[in-house]
Participant: 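The structure's right below; bear with me while I get my questions together.
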Amino acid sequence: MGKGKFSVLVMRDDSSVKRLRISPFLIRFTIYGLILLLLAGAGGTYAGYKFWKESSSLESQKTVLAEELVEAKVKIERLENIENILKSDDPTELQTLLGSFNPDAVSLIVDVPGKDDKTAENSEESKKEPEVECPKIDLTKILQSEDEGVIGVNDFNLKKTEKDEILNIGFELTNLKPEKTLSGDLVLFAIGKDSTVHGIKASKKEMDFSIQRYKQVNVTAQLPQELSFAEVYGIRLVVNTSAGKKIFSEIYPIAKLMR
């Protein structure tokens, strides 16, 4: 392009001819502007894709960390349950932790009056007697906790009534994913100090729930006739969805609740 200007003739049937003069600089500016606009659009598309990819990666890492946090929380709660047993002065709980019903196992932990005197007298007889295998107790199954990270249980508390077999249990349920209503039912079990598991009777109306964010639950529960309150180690709470899927399970030791 030279230093002169370009002339553009505009002709219409119903009007006179019009002449436009365009500078070469304006043409260059328009062409370069279009090129820069295309480059900027391509750069913006690439940057958007890159940021989206990094965001997806961070979201995946967040999910993994959340799962690891839930697993760590479950392990800590399980260790707390075992610690409570070890701190208790009840030989039965300690015996259960050791997985043995043999009274001699308890004597290794607490002093039993007259134990030393009887040991010397029965030492020879005990050698002759055949060893009896004690039933094995799987503490993992009994003390195992589950938490899918869908619902939270806070402020779990228990109060005795005048009748030991009637219990007032209260706690708060929190929907950890409030964008969707969560419905289901609650189940309560009494864990005996001898590692037995007993169902607890309660009103179905009190045990069903449907929450958007949180709900305060108060349950009047009844222990089974074959189990007294003094024989209870802890209360297990199980939360199921309306589809029957277990999303939460935890044991709350009586010793900790009655402090």
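Atoms considered below: every heavy atom in the structure, side chains included; atoms not considered: hydrogens, waters and symmetry mates. The chain is numbered in sequence order, starting from 1.
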Participant: In the structure I gave you, are the side-chain heavy atoms of Leu39 and Ile35 within less than 4.5 Å of one another anywhere?
Facilitator: yes
Participant: For a 4.5 angstrom cut-off between non-hydrogen side-chain atoms, does Ser210 reach Thr181?
Facilitator: yes
Participant: What closest approach, in Å, do Lys160 and Phe229 show between heavy atoms, and which atom pair accounts for it?
Facilitator: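 Closest approach of Lys160 to Phe229: CD-CE2, 3.2 Å.
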Participant: Does Glu172 reach the main-chain N or O of Tyr214 with its side chain, forming a donor-acceptor pair under 3.5 Å?
Facilitator: no
Participant: Got Leu167 and Leu188 here, is their nearest side-chain heavy-atom distance under 4.5 Å?
Facilitator: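 In short, these two side chains do not touch, never coming nearer than 4.5 Å.
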Participant: Please check if the side chain of Ser57 supplies one atom and the backbone of Lys53 the other of a donor-acceptor pair under 3.5 Å.
Facilitator: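 No, because the side chain of Ser57 does not come within donor-acceptor range (under 3.5 Å) of the backbone of Lys53.
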Participant: What closest approach, in Å, do Thr174 and Ile211 show between heavy atoms, and which atom pair accounts for it?
Facilitator: C-CD1, 4.2 Å
Participant: Between Asp155 and Phe171, is there a side-chain heavy-atom distance shorter than 4.5 Å?
Facilitator: no
Participant: Heavy atoms only: give me the nearest Ile151-Asp147 pair and the separation to one decimal.
Facilitator: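 Reported closest heavy-atom pair: O-OD1, 4.0 Å.
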Participant: Ignoring hydrogens and geometry, is there a side-chain-to-backbone donor-acceptor pair from Asn175 to Lys180 under 3.5 Å?
Facilitator: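 Such a contact is found between Asn175 side chain and Lys180 backbone.
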Participant: Taking atom CD as the centre, does Glu54 end up with more than 12 heavy-atom neighbours from other residues, nucleotides or ligands that are less than 6.0 angstrom away?
Facilitator: yes
Participant: Got a donor-acceptor contact below 3.5 angstrom from the Lys177 side chain to the Gly149 backbone?
Facilitator: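 Flag not set: sc Lys177 to bb Gly149 has no pair under 3.5 Å.
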Participant: Answer yes or no: are there more than 12 heavy-atom neighbours, outside Lys245 itself, under 6.0 Å from its atom NZ?
Facilitator: no
Participant: Determine the minimum heavy-atom distance between Leu227 and Ala190, stating which atoms define it.
Facilitator: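 Shortest heavy-atom contact: CD2-CB, 3.7 Å.
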Participant: Given Ser249, which partner from the list Glu148, Arg236, Gln144, Glu146 fulfils the side chain to side chain donor-acceptor pair (under 3.5 Å) test?
Facilitator: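 Exactly one pass, corresponding to Arg236.
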Participant: Measure the shortest side-chain to side-chain distance between Phe209 and Val217 over non-hydrogen atoms and say whether it is less than 4.5 angstrom.
Facilitator: no
Participant: Who passes side chain to side chain contact (heavy atoms under 4.5 Å, CB included) against Pro178, sequence neighbours left out?
Facilitator: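 Listed in chain order: Arg213.
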Participant: So do Ile247 and Leu182 actually touch side chain to side chain, heavy atoms under 4.5 Å?
Facilitator: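 Result yes, sub-4.5 Å side-chain heavy-atom pair found.
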Participant: Roughly how far apart are Ser145 OG and Ile76 CD1, rounded to 0.5 Å?
Facilitator: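 Reported to 0.5 Å precision, the distance equals 12.0 Å.
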Participant: Could you pull out the closest heavy-atom pair between Ala221 and Ile169, with the gap in Å?
Facilitator: CB-CD1, 4.2 Å
Participant: Quickly, which of Val232, Val219, Ile254 forms a side-chain contact (heavy atoms from CB on, under 4.5 Å) with Leu158? Name it, please.
Facilitator: Ile254
Participant: Check Leu257 against Phe156 and note the closest heavy-atom contact, atom names and distance.
Facilitator: CD2-O, 3.5 Å
Participant: Between Thr30 and Leu26 (side chain of the first, backbone of the second, donor and acceptor by atom type, cut-off under 3.5 Å), is there such a pair?
Facilitator: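 Yes: the side chain of Thr30 pairs with the backbone of Leu26.
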Participant: Rounded to the nearest 0.5 Å, what separation is found between the CG atom of Asn157 and the CG atom of Asn218?
Facilitator: 7.5 Å
Participant: Is any side-chain heavy atom of Val153 less than 4.5 Å from a side-chain heavy atom of Glu250?
Facilitator: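 In short, these two side chains do not touch, never coming nearer than 4.5 Å.
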Participant: I want to check something: taking the side chain as every heavy atom from C-beta on, are His198 and Leu223 in contact at a cut-off of under 4.5 Å?
Facilitator: no
